[in-house]
Amino acid sequence: MKLSIQLLVVLALASHPYLAVAATPEEQQKEMQKAIAALPWQVGPVTGSVSDKASIKIEKGAGLLDMPNSDKFLQLNGNPPSSTRNILATDDWFAAFDFEPSGYVKDDETIDADALLKQIKEGNARGNEERRKQGYPELTAEGWHVPPHYDPATKRLEWALRLRSGTSTVINYTVRILGRTGVESAILVSSPERLDADIQSFKTALQGFDFNAGERYSEFKQGDRIAEFGLAALVAGGAAAVATKTGFWKVLVGVFAAFWKVIAAGAIALVIGIGKFFGSKKTNN
């Protein structure tokens, strides 16, 4: 099978340790294309398992990877493996799904987007200090591309934070879906010029997401574990954001350190598109 992947921007290819130093950018591209195409994508239309806690309807023109092969995909994109993520991809974008077993998050909190952004910006300095220690480039929060907002009907918290790394601006659209025992995280990775259109496509794909029986938010029972944080803390870093115990600056250090995984995926999305190959692959169940 021939995989056609369009080069969008040649960016930081030499920084990926899995690529031979002596190889040209074109050779590196071809090797990456082959590796991505060789992964056992579960191609729609079919229903796939996400995080062992939920399912998602994979539409025609999309593909899903199980956790071990999602790790391979992430490593190909210069990210450390997580062992808990699933990758859903279309010809234009991909999304990383990850379940946080934080407990039942109460959704009765009002989010003050301006105040939260101010706190995040104030945490830049210490967050970047930690990133420098870990050998990662600095990040600066510039503002909301999409302010955080919560839909009580779908139990989804959504936002997009605009970040600057060097001379590049990176925007990742993030969704947190509340469940009975924790929160499903879904992060969209898209090229900047397609982001708004891809957000709409991503939202359509999420309509096929559903927690398994016993895991739905509405199935909460007395005695279930309650998360130690609310909606605003989910924007600030999820389970790491127990500000009452760690102090908010430590929360923000964790947020900006954790953003590296997203930034690396975003960088590779600028280098290559997913490619027009899902429609030509046979369904792999």
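The basis for the numbers below is simple: all heavy atoms, side chains too, and nothing from hydrogens, waters or symmetry mates. Source: prediction; values computed, not measured.
- Between L161 and E142, every side-chain heavy-atom pair lies at or beyond the 4.5 Å cut-off.
- In terms of heavy-atom proximity, S185 sits nearest to E100 at CB-OE2, 4.2 Å.
- The shortest non-hydrogen separation linking I36 to F73 is CG2-CE1, 4.5 Å.
- Residues V235 and L116 have side chains in contact (heavy-atom distance under 4.5 Å, counting atoms from C-beta outward).
- The pair D210-R216 meets the salt-bridge criterion, with a side-chain N (NZ, NE, NH1 or NH2) lying under 4.0 Å from an Asp/Glu carboxylate O.
- V175 and E158 make their closest contact through CG2-CG, 3.9 Å (heavy atoms, listed as atom of the first residue, atom of the second, distance).
- Using a cutoff of 4.0 Å between basic side-chain nitrogens and carboxylate oxygens, D92 and R194 are scored as salt-bridged.
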For this session: Kindly indicate, with the supporting measurements, whether the criterion side-chain contact (heavy atoms from CB on, under 4.5 Å) is fulfilled by F97 and F209.
Result: CA-CA 11 Å; F97 287 79; F209 177 93; 4.3 Å; yes
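- Under the 3.5 Å distance criterion, the side-chain polar atoms of N69 are left unmatched by any main-chain donor or acceptor of K72.
- Within the 4.5 Å cutoff, the side chain of D107 has heavy atoms near those of the Y150 side chain.
- Between the CG atom in D112 and the CG atom in D114 there is a gap of 6.0 Å [rounded to 0.5 Å].
- A 4.5 Å side-chain heavy-atom check between D71 and M67 finds every atom pair outside the cut-off.
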For this session: Start with the C-alpha gap between Y104 and Y217, add the side-chain angles, then the distance that decides, and say whether side-chain contact (heavy atoms from CB on, under 4.5 Å) holds.
Result: CA-CA 8 Å; Y104 182 87; Y217 194 81; 3.1 Å; yes
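- Smallest separation of non-hydrogen atoms from L234 and L178: CD1-CD2, 3.8 Å.
- Residues L188 and L195 form a side-chain contact, since some pair of their non-hydrogen atoms from C-beta on lies under 4.5 Å apart.
- Remark: S49 OG to I56 CD1 distance equals 11.0 Å, nearest 0.5 Å.
- Annotation: side chain of I226 is in contact with side chain of F220 (closest heavy-atom distance under 4.5 Å).
- In this structure, a donor-acceptor pair under 3.5 Å is present between the side chains of T84 and D98.
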For this session: Report the C-alpha distance between L117 and W144 in whole Å, list the side-chain angles of each, state the deciding distance to 0.1 Å, and finish with yes or no for side-chain contact (heavy atoms from CB on, under 4.5 Å).
Result: CA-CA 8 Å; L117 180 61; W144 301 116; 3.5 Å; yes
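- Heavy atoms only, all atoms of each residue included: S51 and E184 are closest at OG-OE2, 2.7 Å.
- Ion pairing between a basic and an acidic side chain is recognised when a charged N comes within 4.0 Å of a carboxylate O; E215 and K53 show such pairing.
- Separation of atoms CG (D151) and OG1 (T154) is listed at 3.5 Å; rounding is to 0.5 Å.
- With salt bridges taken as basic N to acidic carboxylate O contacts below 4.0 Å, one links R180 and D224.
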For this session: Tell me, with the steps shown, if L157 and I111 meet side-chain contact (heavy atoms from CB on, under 4.5 Å).
Result: CA-CA 10 Å; L157 174 64; I111 299 175; 3.5 Å; yes
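- Pairing each heavy atom of A89 with each of F94, the nearest pair is CB-CB, 3.8 Å.
- In this structure, I177 is a member of the same hydrophobic cluster as V50, with clusters built from ILVMFWY side-chain heavy atoms closer than 4.5 Å.
- Without hydrogens or angle criteria, H149 side chain to P147 main chain gives a donor-acceptor distance under 3.5 Å.
- With hydrogens and angles ignored, the 3.5 Å screen pairs a side-chain donor or acceptor of E109 with a backbone N or O of L231.
- The line from OG of S201 to CG of D196 is 12.5 Å long, rounded to the nearest 0.5 Å.
- Proximity of L64 to I87: side-chain heavy atoms (C-beta onward) are nowhere separated by under 4.5 Å.
- Side chains of S70 and R85: no donor on one and acceptor on the other come within 3.5 Å.
- Hydrophobic clustering of Ile, Leu, Val, Met, Phe, Trp and Tyr side chains at less than 4.5 Å, counting indirect connections, unites L206 with I199.
- You'll find the side chain of Y173 stays beyond 4.5 Å of the side chain of W93, heavy atoms only.
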